[in-house]
> 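Take this structure, written in structure tokens, and hold onto it; I'll ask about it next.
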Protein chains: 2
Amino acid sequence: MVEISRRRAIEDVASDLFRERGYAATSIRDIARAMSLQGASLYAHVASKEDVLWAIVDRAAGRFEVAADGAERDAETRRPGDPAEALGALTRAHVDVLTSDVDAAGVFVHEWRSLDPGHRDAILSRRDAYQARFQRRIEDGIAVGAFAMTDPAIATSTLLSAINGIAAWYDPNGRLPANRIADHLVELSLRMVANP
Amino acid sequence: MVEISRRRAIEDVASDLFRERGYAATSIRDIARAMSLQGASLYAHVASKEDVLWAIVDRAAGRFEVAADGAERDAETRRPGDPAEALGALTRAHVDVLTSDVDAAGVFVHEWRSLDPGHRDAILSRRDAYQARFQRRIEDGIAVGAFAMTDPAIATSTLLSAINGIAAWYDPNGRLPANRIADHLVELSLRMVANP
DNA sequence: CCTCCTAACTAACGATCGTTAGGCTAGGCG
DNA sequence: CGCCTAGCCTAACGATCGTTAGTTAGGAGG
């Protein structure tokens, strides 16, 4: 976690605090205090408090999107047209992004409500598009008989909620390494939608 | 939704706002404005802002606990010793409580961090005990071969996250009635842990 | 040496926060 | 009629909020 810029250091500290206490309950002076600075000093690097939140959320969203791109490409190379392979790869990619920076990912998952209306709308449509990628793979699986369920939309929401739950308890120094957790979540997720 | 007391009306309005914007982002004056009152007027009925949050969270927790009691009793009557029956009943009871008052349940799920340290600790141990009831049924199922998974603790967390995800999108006036949603979640949950 | 840049500082702004104090009004009941 | 209570009001408290302005310290480059 080397500071490449002062701006980025602020975002990292803010991610930590926003995740722990929430955006509204964290003041600019709280962030500054965690860096041994005065509150006003942050405004040399940052336009506003919401600007910091947006930077964190936007970057986290981008990391999820890029990871999903790679996962779908890899799955298609490995087992073309296999919905379980594709959905498993998407799930694993999601868990990887989540565990590689729990603070930022947790802020992305829980604090997007605090964004300005414009930013909130933007992130909501990106989130919808992201969720649609999962739902598409689930519908593919139903079409070929690999998956089975009554309502794909609810299944997709439920699947993503299940994975995102990791952000509530994951500890980078905990008993389980991130890739073990990913194994587990992929197993549970695929079983949830599989045709029994 | 008849007001039985002024105090309770405040808690209902607060549940709505706390769920929509979060506890820290909701002011006493916001709550009062939603009731066409002055902020200070609320203090005739309420000791503090945290007092309102605690009342909401405490009551919601109690409803989950009572529902789980009934579910385990019913399941034991219907199919004694059947882990799938018991876990399914617990899941359905949880969904029922959640959908019967999404606002309060959503506050319970997401806003317990904002409680005073004492109240937060109290709610955390109750939540642990509640979660342990689910985990116990999962372990029962593994013991008799009905369920199968690598890590029951992770499976329990994941299952509850999946169900609680409902709070993020459930709309009492939406396309699906609550009992349909419960059917769905029970199906997905049991398949997630079942021995394939 | 002078200049510029980065990064921090102190001081203060108006707004809003949770909360307290004290007073007014309307209705029920003797 | 007089009292009580419930429910709400206005006014204000000190604290904290996000943010702006102006200044200072130190190092790099000409």
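Because the structure is a prediction, the values reported are computed rather than measured. Below, chain A is the first sequence line, B the second, and so on; all start at residue 1. Only this structure's heavy atoms are used, side chains among them; waters, hydrogens and symmetry mates stay out.
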> Check the distance between dC9(D)'s P and Arg33(B)'s CZ and give it to me in whole angstrom.
13 Å
> Between Ser27(B) and dC17(C), is there a side-chain N or O to OP1/OP2 distance below 4.0 Å?
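Result: yes.
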> Could you state the atom-to-atom distance from CG of Leu42(A) to C1' of dT20(D) in whole Å?
14 Å
> For a salt bridge (Lys or Arg N to Asp or Glu O under 4.0 Å) check, start with the C-alpha distance between Arg92(B) and Asp96(B), then their side-chain angles and the critical distance, and finish with the verdict.
CA-CA 6 Å; Arg92(B) 182 175 300 276; Asp96(B) 287 347; 5.6 Å; no
> When the distance from CZ of Arg6(B) to P of dC9(D) is rounded to whole Å, what number comes out?
10 Å
> So, is Ser41(B) near the phosphate of dG7(D), with a side-chain N or O under 4.0 Å from OP1 or OP2?
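For dG7(D), neither OP1 nor OP2 has a side-chain N or O of Ser41(B) closer than 4.0 Å.
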> Using whole Å, what does the distance between atom C1' of nucleotide dG18(D) and atom CD1 of Ile31(A) come to?
11 Å
> Look at the side-chain N and O atoms of Arg29(A) and state whether any lies under 4.0 Å from the OP1 or OP2 oxygen of dT19(D).
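Looking at the OP1 and OP2 atoms of dT19(D), neither is under 4.0 Å from any side-chain N or O of Arg29(A).
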> If you find the nucleotide of DNA chain D closest to Ala25(A) and the one closest to Ala40(A), which residue's nucleotide is nearer the 5' end?
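Going by which nucleotide is closer to the 5' end, it is Ala25(A).
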> Between C1' on dT6(C) and CD1 on Ile10(A), what's the gap in Å once rounded to a whole number?
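Spelled out: CD1 on Ile10(A) to C1' on dT6(C) is 13 Å.
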> When the distance from CZ of Arg8(A) to C1' of dT6(C) is rounded to whole Å, what number comes out?
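For the pair Arg8(A) CZ and dT6(C) C1', the rounded distance is 20 Å.
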> Please determine whether a side-chain nitrogen or oxygen atom of His45(B) lies at a distance below 4.0 Å from atom OP1 or OP2 of dC8(D).
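Answer is yes, contact under 4.0 Å.
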> Find the distance Glu50(B):CD to dC17(C):P and express it as a whole number of Å.
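In whole Å, dC17(C) P lies 18 Å from Glu50(B) CD.
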> Take a 6.0 Å sphere around CZ of Arg180(B) and say whether it holds more than 12 heavy atoms from other residues, nucleotides or ligands.
no
> Would you say that Asp101(B) contacts Arg63(B) through its side chain, given a criterion of any heavy-atom pair below 4.5 Å between the two side chains?
yes
> Specify the separation, in whole Å, of atom CD of Gln38(A) and atom P of dA11(C).
10 Å
> Do Leu190(A) and Thr91(A) touch side chain to side chain, with heavy atoms closer than 4.5 Å?
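They are not in side-chain contact.
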